[in-house]
Asks: 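Here it is, the structure, as structure tokens.
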Amino acid sequence: MIPVRQLTKRFILSFTWATLLLAPVVVLLASCSGLKFVPEGERLYTGSKVTIKPPADEKTVNNQSALQTELVSVLGPKPNSSILGLRPKLYFWHMGMNKKKGLGKFFADKFGEPPIYLSQAKPAAVRDLITNRLHNNGFFNGTTSYEVKKQEKTAEIDYTALPGKVYRFTEVTFPQGDSLVRAAIRATQGESLVKVGDAYNLATLTNERVRIDAALKERGYYYFAPDYIVFKVDSTLDHKATVDVRLKPSAPPKAVRPYWLDQVKLNTSYVLTDTTMRNPMLFRGYQYFPDEEIFKAQAITRATFLYPDSVFRRHRRDQTLSRLMSLGTFRFVEIRFKPAAAGDTTVTVPADAVPGSNRSVGLRNRLDAEVLMTQLKKKSLRAEVQLTTKTNGFTGPALKVTFRNRSALRGAEQLLINALASTETQTGGGNGALGLTSFEYGINAQLLIPRLVTPDLPLLDVKLPNSDFQPRTSIAVGVRAVTRASYFSQNFFNVNYGYTWKTKITNEQEIRPIDITYVQFTPSQTFTEILNTPEKSFLKSAFQQQFILASSYRYTYNQQSLEQRRQQIYFSGQIEGSGNLAQGIATSIGTPKGPSGGNTILGKEYSQYLKLDLEVREYYRISADPTSGNRIVGRLLAGIGNPYGNSRVLPYPKQYGIGGPNSVRAFAARGIGPGVYQAQTADQRANQFYDQVGDIRLEGNLEYRQDLFPYVKGALFVDAGNIWLVNPDPGRPGGEFKASSFLNQLAVGAGAGIRIDVQFFVIRFDLAFPIQAPYGTPTKLNNDGTRSPDKAPRLNLAIGYPF
């Protein structure tokens with residue numbers, strides 16, 4: 001036993017050392033609180049809160065959550081930021097006080113913020129603002145009080161709002177009279193935001209003015225403005241209010257007249273210094289400048305929705321701007337309106353044109369519209385040096401050269417010719433496999449036609465007259481050569497034809513009736529020997545059937561463009577089929593069988609399959625601030641490919657792989673599955689990149705993203721997923737899908753990441769730890785053929801966010 005005296009001596013010595021070591025930390029923490037620097041007679045302002053007290057006979061007030069948010073928004077000033085009572089920014093600020101240069105000055109400018117004292121708060125002014133907001137929300141009898149709570153070095157202000165009972169609308173009336181503008185305002189009453197029974201709200205009345213103005217803009221009232229609508233509100237003692245919607249008597253005459261378009265001029269070569277007067281060509285009622293040397297008039301008028309001798313409608317102006325800009329051929333587009341050079345015209349107005357009107361002759365007011373388009377360069381050549389990162393884990397440098405002609409056929413058709421050369425190596429594989437270095441080069445051409453080149457369809461107007469987005473027809477051809485070192489080379493030949501269109505900003509559809517891919521496959525001797533082994537029969541079939549005659553349809557719903565939404569949904573669904581037409585032809589004419597026993601077209605076996613892919617994402621922003629990057633993001637991927645008829649396995653390019661920097665990040669690309677299959681020998685491990693693919697995929701990801709510093713974000717994530725086979729494969733035992741056990745076969749990983757986000761590109765570092773493998777505890781295959789536990793983390797380097 002150790003004597004008590006010796007224990008006491010050790011304790012005192014340990015306590016002394018601990019005190020000496022912790023003293024600087026305690027001093028630093030005290031300094032970081034910011035209270036050390038508070039001058040005499042001042043207190044550091046630590047913030048305010050608002051408490052809403054409903055009337056005694058009510059448990060809550062009308063729309064209390066939204067009211068609370070609005071009242072909090074007027075509190076001020078904003079106190080110094082703090083973390084667990086510490087204020088490091090305040091500490092950094094004081095490091096630079098009275099300094100014009102040096103390290104302290106640098107930290108103060110970079111990370112500091114000045115102190116906010118109680119003397120800077122204006123509680124009386126804030127109290128009045130809160131009371132004003134109560135009145136704006138229908139609490140006309142509302143009052144506010146405040147209390148300053150002082151401590152030795154700090155102070156906070158508590159506000160108490162007593163709203164009383166809310167006033168509600170009991171009657172809403174719209175302008176009477178037989179004038180055109182009053183009749184037009186009355187016609188919008190059915191969509192009014194002000195409804196009987198609703199609580200008085202100033203914001204609602206403001207929005208109602210904007211709504212009426214927007215409706216009138218669709219009826220020709222070009223010069224009308226929201227300010228020309230006024231509301232007369234009368235309140236009673238029993239908390240009731242009536243609202244009378246009126247037209248301001250001082251509204252100028254031109255604001256209360258509808259306008260028609262007279263001349264519509266289209267200038268496709270506008271520049272600011274251009275003052276040359278040229279004679280236009282006339283096309284379908286339009287005055288078209290300067291000529292059709294670059295753009296045919298038909299191509300521009302097809303994207304123009306301002307029609308001569310039609311009522312001015314604002315959404316047609318906006319639609320024209322959007323369509324012309326989406327052609328991709330103009331740098332700027334501007335539309336100007338002015339009183340018609342030919343003047344107004346007198347027209348006969350039917351007696352029943354306006355309810356209550358008996359006028360038979362009227363004056364039609366006219367506007368001229370001038371659409372000014374500034375062109376981009378018609379032809380351009382661009383070279384890019386890229387760092388390519390693919391979902392299969394291949395990373396490497398690439399050179400891409402793009403030639404673009406923005407009006408190849410004088411109809412705003414865009415011709416793109418891309419030449420690509422790259423070399424890639426699978427990163428993080430760690431298995432020493434052959435064939436994991438790739439060389440690729442190729443050239444492809446794509447023609448984008450700004451319309452749907454198709455006959456009229458019964459369920460779709462191919463002109464999409466009510467869409468703000470330009471539909472496109474795409475025709476593409478390409479050839480690409482890929483070499484997997486020491487394994488095989490492939491030459492890809494592709495031709496596709498399809499359509500893309502959007503009916504609204506969130507919805508996009510794409511249909512490809514023709515998508516033909518043919519692959520010339522040349523294996524090395526090493527890979528030939530692998531494919532000829534009995535257990536690789538499925539893999540051999542996947543590589544042999546590389547003649548794909550596919551068609552597909554994809555629908556995408558994406559709310560990410562709606563930046564004000566805190567919750568954003570993304571959905572993408574695609575269905576793809578191949579080989580049915582070819583099967584019918586081959587069966588009817590009796591084509592010969594191929595090497596694996598399948599039917600052939602032009603002497604080549606073709607693939608036959610049906611494939612369905614679904615992806616759902618949800619982005620939830622934690623903060624109400626639209627610029628905040630603090631959010632929770634979830635993703636679910638599901639896919640199934642069913643080979644049938646001429647195929648017993650999907651063609652290799654269409655099979656699913658899982659793992660890698662954009663998938664389950666704790667495992668290597670194609671390092672999981674199918675099912676519970678795992679490499680048991682050194683040869684299997686060397687070829688797992690080709691074996692670990694499947695026909696079914698299920699994957700889920702959950703990620704929390706947090707802003708850390710300017711341009712630096714952090715993340716915590718959990719990934720899970722696996723792939724399976726539709727048909728059993730003796731060479732990959734345990735790989736087939738079974739409904740009773742697939743959930744237990746999900747690989748699971750978790751980790752943290754750092755992202756350097758400078759808007760135009762993102763560099764991502766994710767460190768992921770394996771938690772569970774499809775077969776249980778994650779293991780690795782040792783050189784002696786044995787397996788041992790493997791929970792080592794995996795560092796993923798990638799470009800862009802994973803989803």
Asks: According to salt bridge (Lys or Arg N to Asp or Glu O under 4.0 Å), who are the partners of Lys150, at least two apart in sequence or on a separate chain?
Replies: none

Asks: Write down the atom of Val718, the atom of Ala750, and the distance for their closest heavy-atom approach.
Replies: CG2-CB, 4.1 Å

Asks: Would you please name every residue forming a side chain to side chain contact (heavy atoms under 4.5 Å, CB included) with Glu334, sequence neighbours left out?
Replies: Arg336, Leu372

Asks: Gln64 versus Pro54: any side-chain heavy-atom pair under 4.5 Å?
Replies: yes

Asks: Quick one: is the NZ or CZ of Arg323 closer than 6.0 Å to the six-membered ring centre of Phe330, and within 45° of its axis?
Replies: no

Asks: Between Ser422 (side chain only) and Pro397 (backbone N and O only), is there a donor and an acceptor less than 3.5 Å apart?
Replies: no

Asks: With a 4.5 Å cut-off on side-chain heavy atoms, are Pro39 and Tyr117 touching?
Replies: yes

Asks: I want to check something: taking the side chain as every heavy atom from C-beta on, are Asp213 and Ile229 in contact at a cut-off of under 4.5 Å?
Replies: no

Asks: Got a second to check how far His135's NE2 is from Leu202's CG, nearest 0.5 Å?
Replies: 12.5 Å

Asks: How would you list all residue pairs meeting salt bridge (charged side-chain N to carboxylate O under 4.0 Å, His left out) that involve residues 621-630, not counting sequence neighbours?
Replies: none

Asks: Donor-acceptor pair, Asn80 side chain versus Ile116 backbone, under 3.5 Å?
Replies: yes

Asks: Where is the tightest heavy-atom contact between Lys89 and Ser81, given as atom of each residue plus distance?
Replies: CD-OG, 3.4 Å

Asks: Treating Asp707 as the side-chain partner and Gly629 as the backbone partner, does any N or O pair qualify as donor plus acceptor under 3.5 Å?
Replies: yes

Asks: Would you say the side-chain atoms of Tyr620 and Glu618 include a donor-acceptor pair closer than 3.5 Å?
Replies: no

Asks: What's the spacing between Glu42 CD and Glu40 CD if we round to 0.5 Å?
Replies: 10.5 Å

Asks: To the nearest 0.5 angstrom, please state how far the CD1 atom of Ile754 sits from the CG atom of Leu767.
Replies: 10.5 Å

Asks: Which residues satisfy the ring pair (Phe, Tyr, Trp, His ring centres under 6.0 Å) test with Phe140, sequence neighbours excluded?
Replies: Tyr167, Tyr200

Asks: Tell me which donor-acceptor pairs under 3.5 Å the side chains of residues 124-131 have, and how far apart each pair is, sequence neighbours excluded?
Replies:
from, atom 1, to, atom 2, distance (Å)
Thr131, OG1, Arg127, O, 3.1
Thr131, OG1, Thr144, OG1, 2.9

Asks: Sequence neighbours excluded, which residues qualify as ring pair (Phe, Tyr, Trp, His ring centres under 6.0 Å) partners of Phe107?
Replies: Phe92, Phe111

Asks: Would you sort out whether Leu67 and Phe139 count as a side-chain contact (heavy atoms from CB on, under 4.5 Å), showing the intermediate values?
Replies: CA-CA 11 Å; Leu67 178 63; Phe139 301 99; 3.8 Å; yes

Asks: Spell out, as yes or no, whether a donor-acceptor pair under 3.5 Å connects the side chain of Gln772 to the backbone of Leu746.
Replies: yes

Asks: Is it true that Glu113 and Lys78 make a salt bridge, defined as a side-chain N closer than 4.0 Å to a carboxylate O?
Replies: no

Asks: Please list, chain by chain and in numerical order, all residues satisfying salt bridge (Lys or Arg N to Asp or Glu O under 4.0 Å) with Glu384, sequence neighbours excluded.
Replies: Arg382

Asks: When you measure from the side chain of Gln68 to the backbone of Val50, do you find a donor-acceptor pair of N or O atoms at a distance under 3.5 Å?
Replies: yes

Asks: Sequence neighbours left out, what passes side chain to side chain contact (heavy atoms under 4.5 Å, CB included) with Tyr711? Give chain and number order.
Replies: Val758

Asks: For atom NZ of Lys165, is the number of surrounding heavy atoms from other residues, nucleotides or ligands below 6.0 Å larger than 12?
Replies: no

Asks: Please name the pair of heavy atoms, one in Asn62 and one in Ala199, separated by the smallest distance, quoted to 0.1 Å.
Replies: ND2-CB, 3.4 Å

Asks: Distance to the ring centre below 6.0 angstrom and angle to the axis at most 45 degrees; does that hold for Arg631 and Tyr619?
Replies: no

Asks: Do the non-hydrogen side-chain atoms of Glu615 and Arg635 ever get within less than 4.5 Å of each other?
Replies: yes

Asks: Take Asp468 and Ile505 through the test side-chain contact (heavy atoms from CB on, under 4.5 Å) and record every step on the way to the result.
Replies: CA-CA 8 Å; Asp468 292 343; Ile505 192 171; over 6 Å; no

Asks: Return yes when atom CD of Gln151 has more than 12 non-hydrogen atoms of other residues, nucleotides or ligands closer than 6.0 Å, and no otherwise.
Replies: no

Asks: For Leu162, give me all partners under side chain to side chain contact (heavy atoms under 4.5 Å, CB included), at least two apart in sequence or on another chain.
Replies: Lys53, Thr143, Thr160

Asks: Is there a side-chain contact between Ser380 and Arg406, using heavy atoms and a 4.5 Å cut-off?
Replies: yes

Asks: Identify the heavy atoms of Gly328 and Leu376 that sit nearest to each other, and give their distance.
Replies: O-CD1, 3.7 Å

Asks: Is there a side-chain contact (heavy atoms from CB on, under 4.5 Å) between Arg87 and Leu44? Walk through the geometry before answering.
Replies: CA-CA 11 Å; Arg87 301 175 182 86; Leu44 193 69; 3.6 Å; yes

Asks: Would you give the length of the straight line joining atom NZ of Lys122 to atom CD1 of Ile157, rounded to the nearest 0.5 angstrom?
Replies: 10.5 Å

Asks: Salt bridge (charged side-chain N to carboxylate O under 4.0 Å, His left out) for Arg764 and Glu703? Distances and angles first, verdict last.
Replies: CA-CA 14 Å; Arg764 174 164 52 95; Glu703 186 166 291; over 6 Å; no

Asks: Is there a side-chain contact between Leu86 and Tyr91 (heavy atoms, below 4.5 Å)?
Replies: no

Asks: Is a side-chain donor or acceptor of Ser326 paired with a backbone partner of Ser322 at a separation under 3.5 angstrom?
Replies: yes

Asks: Charged N to carboxylate O under 4.0 angstrom, Asp766 versus Arg755?
Replies: yes

Asks: Any side-chain heavy atom of Pro163 sitting closer than 4.5 Å to one from Ile52?
Replies: yes

Asks: Before accepting this row, confirm whether a basic side-chain N of the pair Arg209/Asp227 lies closer than 4.0 Å to the acidic partner's carboxylate O.
Replies: yes

Asks: Under the salt bridge (Lys or Arg N to Asp or Glu O under 4.0 Å) rule, collect the residues that match up with Glu208, sequence neighbours excluded.
Replies: Arg211

Asks: For Asn141 and Gly164, indicate whether the former's side chain and the latter's backbone hold a donor-acceptor pair under 3.5 Å.
Replies: no

Asks: Rounded at 0.5 Å granularity, tell me how far CG in Leu702 sits from CG in Leu716.
Replies: 10.0 Å

Asks: Flag yes if more than 12 heavy atoms outside Phe403 fall under 6.0 Å of its CZ atom; otherwise flag no.
Replies: yes

Asks: Which heavy atom in Ser623 sits nearest to a heavy atom in Arg566, and how many Å separate them?
Replies: O-NE, 3.6 Å

Asks: Going through the distances and angles, do Ile622 and Tyr704 end up as a side-chain contact (heavy atoms from CB on, under 4.5 Å)?
Replies: CA-CA 10 Å; Ile622 296 174; Tyr704 172 70; 3.1 Å; yes

Asks: May I have the list of side-chain donor-acceptor pairs in residues 556-564 shorter than 3.5 Å, sequence neighbours left out?
Replies:
from, atom 1, to, atom 2, distance (Å)
Thr556, OG1, Arg554, NH1, 2.7
Tyr557, OH, Gln559, NE2, 2.8
Asn558, OD1, Gln560, N, 2.9
Gln559, OE1, Ile569, N, 2.9

Asks: Just jot down the salt bridge (Lys or Arg N to Asp or Glu O under 4.0 Å) partners of Asp198, sequence neighbours excluded, or say none.
Replies: none

Asks: Show the nearest heavy-atom pair for residues Pro77 and Tyr45, with the distance to one decimal.
Replies: O-CE2, 3.0 Å

